[in-house]
Amino acid sequence: DGKNNEDKIILKIADSLPTTNYLSSEGTVFFMKRVKELTDGQVEFEHYPAEQIGKASSYLDLTLSKTIDIGYTSYSTERLPLTEVVTLPGAYNTAQEGSEVFWKLMQEYLTEEEYMKHNVRPIFAVALPQYQYVTANKPIRSLDDINGTKARVTGTMEFGFDLLGASPVFMPASEAYTALERGTVDGVTFPYTSFEAYQIETITNYTTKDANFGSFVVVYAINEEIYESLPESIKKAIKKAGDETVEHLSKFLDDKNEELAQKYKTEMEVYELTEEESAEWDKAFEPAWDRWAEDLENRGFNAYETIKRYRDIQEELGYAQ
Amino acid sequence: MTVAIPLLLMLLFLAFGMPIAFALGVSGSIGLLINSGWDSFLGIMQTAPYDSVKSFIMSAIPMFILMASLMTVSGIMKDLFEAAYKWLGKLPGGLGIATVFAGAMMAAVSGSSQAAAAAMSKAATPEMKKYNYSTPFTMGVISMAGTLAVMIPPSIILILYGILTETGVGSLLIAGIIPGVITALGYIVVIFIWVKLKPDIAPKIEINPTLKEKVHALKSVWPVLTIILFVMGGIYSGLITATEAGAVGAFVTFLIILFMGRLNKKKFGVALSDTIKSTTMIMTIIIGAHIFSYFLTLTQSTQRVVGLIDSLDVSRYLILITIVIIYLILGFFMDQIAILILTLPLTFPIIISLGFNPVWFGIIITKTVEIGLVTPPVGMNVYVATGAAGVKPTEGFKGVIWFVIADLIILAVLISLPALVLWLPEMMVK
Amino acid sequence: MGLFLRWFDRLEVLSLRLSQVALVIMMLLTTSDAVSRYIFNQSIVGAYEITEMYVMVALVFLSMSFVKKVDGHIRLDILFEKFPIKVQHFLDAFYSLLAAAMFFFIGLRGLNMTLEAIQYQYVAAGLINLPLWLSYIWLPIGSFLFVIRLLISSIRLILFRNKTTLKGEIL
Ligand code: NA
Ligand code: NA
């Protein structure tokens, strides 16, 4: 489509992440930079970070109404629930693994099955490093230790903690510090990469490492009509930049996770699970998958098919379970 | 032009007495229609109102207002001020000083300045009226006492700043203590000087209560102290979070006044309706402010202004002071939470790149928020305080002038002496 | 017209009552959650989400109309009160119409969201699934009541030129 090549195309991209967050600087900003480079500056972005034009849960709607072109759709799980499959406890060991498996699942299945039904197309998706259970006064060294604790959790982690006899508590991340300090909760599930932002490491004494309690997945999606209106060359650039972002950000997060783990070892007791232990804990979480799937099936979503495909891709890519 | 028209329209609407929520919402909507089109307008109409209201943290607003309303309808707040009057009444502007003390106490349990201002207003206005304090003075003191809640922890503004910039919330809250106390002392100094110069505004109290009477008056203070201790104790012992504290405080108040036989169905109904009136008024303005902010953001006007500052090749203090002045100016017109949401993603990176401390900047910004809460035309605390008292906002704005000057001096002190802010949080980290 | 107004008043009072109930539920639910966590070491499942999704939204939207009725949406009155009464009424009617237009669209979008959530059975998933339509529905109900109240008030001001707000009414 040579005709359009001369015109500059401006895409509006919005999310709830502060620009200081790695997910923004190494994800969103990286993506925009790559698209710009790949299109020789034909595509430019207007970036609206940090909830500048809406709360976290509103980006799907803002994308649909074309207020923005690309939105951070991770918090629209009521309409995009199958996406949560990768956040279930025990879904993967590293962000790279989870992201690679999930991005393939997205392209082969979920884009059609879930996103196109809502007229949006995912452009990149990254699964974060597994959340760890970090506690103030009670060391967590076995599944039994989790029983009876009060844990601040998010998303599908609720299922896993309920299963183990803990009491999942919901609160804004900003209240986690005070809640830990005062003992309102015994611990919080956080990825290492978010400790510093909320000063979690300054008031906790124990954390797990390499446990797969569940996680979160970052998804950016573009309005399908906007996407279809773009020249082929730009679609290609977006696709390429998306793939690169998945790889870059997930690797960055894993490295950062390892680096921070080494740092926290000097500041608190880090209970590092052996491979066997980690697998054993994953096994204990399996009923949570059924609970998640059964509920979605009842509401007409193909959850079992999604799980099957997720596990198949995982095996196909050589990640043994 | 496309930015100027809605902006001008908003100012005209406000000046010509359109309810603030509508002025912000309607001019923001028109701005969205002109700049981004019909679809975007409908998109924002769908997301902004719902998202503004669907918030657990915001539930602290109705709960703290309910707590205050219950304290008021039952008359126990009145008792507190009777006691304060007996003890502090002989001082110049005694009830004003009592209000600042009570405001600081409220601040230690409340994260929302509007809730604190409403509580103060309901409780203190009738008493200050009774002793012939001038209305602007009364409204000024109450509006200012309410602002203490944003600096003295817990504080919704500090928490929001922490979230938006990923600065440690714990450090921010601790850092607010000293500036909060300095501010309260500053207000007391203003009251002393003002009353010294113009004794009419706060007539000296003639009666001389005996020590016995004074001690007796203290007895009627126990319900208020119990509630405050319960709420503070609840937070500091870990029983409840800062957001939950409002609900627990309201419930404890409910139980105490029920037990004292000071609550009936009618009073309860009044407390509920009063709470709803204030809450919905505030939340409707927040909805309007969000709509207006989203229009401004989509035109990229704020981003451009900040970008311009960043490109200047001058002393970093000049840039800092320029940013502070912009915050003060924005504070005249806009909702404080909306200002932070809109500008922090842009100003914060500048401040960090200039090598300033993020916690300290958070406190500086919070100080400008405190000031913005009482400056016209949009001075939320003055609206809430005068609204709750059934007085014209103009009276309130007249009453805050000297306090705002004191606030500006304190702001200058905090800017020139960062150690004042950073000493406590640095002690904490060791 | 009179009959319509009477019925509308009743509807508005009913809406306010529900808003008051929401306020009481908020107090009791949040307190019980904290107490339950302390005594039984167990949070009340769904308390946080119910407060946020249902109670807050209902509390605010169901009372907007009432707050307008008692003239509770504050304004800057420095200039306004210096105008002749006729001008004040004219301006007020004009403002109410503009606000009605805005809240009409808010209500309309809310209605769309509600219907979509019912049709596709959207839920906020968790240990218990909370239906989303029950969270959205307060937007159309509250907004449309508010729109009608705003229209009534501006029609009165234009046709009858009497400002019929009920300041300080106890309900
Ligand atoms: Na406070
Ligand atoms: Na102001």
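Letters A, B, ... are given to chains in the order of the sequence lines, protein chains preceding strands, and every chain is numbered from 1.
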**Message:** So, taking the atom named OH in Tyr50(B) and the one named OG in Ser58(A), what distance separates them when rounded to the nearest 0.5 Å?
**Reply:** 11.5 Å
**Request:** For Ser40(B) and Lys66(A), work out which heavy atoms get closest and say how close.
**Result:** OG-O, 3.7 Å
**Request:** Working to the nearest 0.5 Å, report the span between CD1 of Ile53(A) and NE2 of His290(B).
**Result:** 12.5 Å
**Item:** CA sep, side-chain torsions, deciding dist, call: Asp39(B), Thr67(A), side chain to side chain contact (heavy atoms under 4.5 Å, CB included)
**Value:** CA-CA 7 Å; Asp39(B) 287 337; Thr67(A) 309; over 6 Å; no
**Prompt:** If you look at every heavy atom in Gln52(A) and Thr297(B), which pair is closest and at what distance?
**Reply:** OE1-CG2, 3.3 Å
**Request:** Please check if atom NZ in Lys36(A) has more than 12 non-hydrogen atoms from other residues, nucleotides or ligands closer than 6.0 Å.
**Result:** no
**Prompt:** Heavy-atom distance under 4.5 Å between the side chains of Leu298(B) and Tyr48(A), does that happen here?
**Reply:** yes
**Prompt:** When heavy-atom pairs shorter than 4.5 Å are enumerated against chain B, which of Ile68(A), Thr63(A), Leu62(A), Thr184(A) gives the highest number?
**Reply:** Thr184(A)
**Message:** Nearest 0.5 Å, please: how far is CG in Leu60(A) from OG1 in Thr47(B)?
**Reply:** 11.0 Å
**Complete:** Answer key: most heavy-atom pairs under 4.5 Å with chain B among Gly54(A), Ser16(A), Gly183(A), Ala14(A) is Gly54(A)
**Message:** Could you check whether atom CD of Glu225(A) has more than 12 heavy atoms from other residues, nucleotides or ligands sitting under 6.0 Å from it?
**Reply:** no
**Item:** Contacting moiety of Ser55(B), where chain A heavy atoms sit under 4.5 Å
**Value:** neither
**Request:** Would you please test Leu42(B) and Ser65(A) for side chain to side chain contact (heavy atoms under 4.5 Å, CB included) and show each step?
**Result:** CA-CA 7 Å; Leu42(B) 289 180; Ser65(A) 67; 5.8 Å; no
**Prompt:** OH of Tyr206(A): more than 12 outside heavy atoms within 6.0 angstrom?
**Reply:** yes
